[in-house]
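Reviewing the structure listed below.
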Amino acid sequence: DEELLVKYAKKTKFMVTAENHNVIGGLYSAVSETLAQVYPTKIFPIGVKEQFGQVGLKPYLKAFYKMTAEDIVELVLKNM
């Protein structure tokens, strides 16, 4: 929803996307491509970045890929 993305990009001055797979070709890519055309904004992805996937239980994988709630909060606070 382009209108919603622009509304919150203007309000927050940056965006964070979170997805449980590779950030390339996913939500991060879609948000980046949309905002780049209408309202360029800093966007920080949470997800798997440029590496092969791991196998394990969800808590391990979230910690390994820095996708825990704490990781997301830290990213937001660091970039406010």
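Note that the numbering runs from 1 along the sequence shown for the chain.
By the 4.5 Å heavy-atom criterion applied to side chains, Tyr65 and Lys49 are not counted as neighbours. Looking only at side-chain heavy atoms (C-beta outward), Lys62 and Lys58 come within less than 4.5 Å of each other.
Here the CG atom belonging to Leu4 is positioned 11.0 Å from the CD atom belonging to Glu2, to the nearest 0.5 angstrom. Note that the CE atom of Met67 and the CG atom of Asn20 stand 5.5 Å from one another [nearest 0.5 Å]. The structure places CD of Glu74 at 9.0 Å from CD1 of Ile46, a figure rounded to the nearest 0.5 Å. Remark: Thr68 OG1 to Leu61 CG distance equals 12.5 Å, nearest 0.5 Å. To the nearest 0.5 angstrom, Asn79 atom CG is 12.5 Å from Ile43 atom CD1.
Within 6.0 Å of CD on Gln54 lie more than 12 heavy atoms contributed by other residues, nucleotides or ligands. No more than 12 heavy atoms of other residues, nucleotides or ligands sit less than 6.0 Å from atom CG of Leu57.
Within the structure, side-chain hydrogen bond (donor to acceptor under 3.5 Å, both in side chains) pairs that include any residue of residues 31-47 do not occur (at least two apart or interchain).
In this structure, Met15 is a member of the same hydrophobic cluster as Val23, with clusters built from ILVMFWY side-chain heavy atoms closer than 4.5 Å. There is no path of hydrophobic side-chain contacts, each under 4.5 Å, that joins Phe14 to Leu5. When hydrophobic clusters are built by joining Ile, Leu, Val, Met, Phe, Trp and Tyr residues whose side-chain heavy atoms come closer than 4.5 Å, directly or via intermediates, Tyr28 is grouped together with Val38. There is no path of hydrophobic side-chain contacts, each under 4.5 Å, that joins Ile72 to Val31. Placement of Phe44 and Tyr8 in two distinct hydrophobic clusters is found when ILVMFWY residues are connected by side-chain heavy-atom separations under 4.5 Å, directly or transitively.
Of the possible polar contacts, none joining the Glu19 side chain to the Gly47 backbone as a donor-acceptor pair under 3.5 Å is found. A donor-acceptor contact shorter than 3.5 Å links the side chain of Lys13 to the backbone of Lys10.
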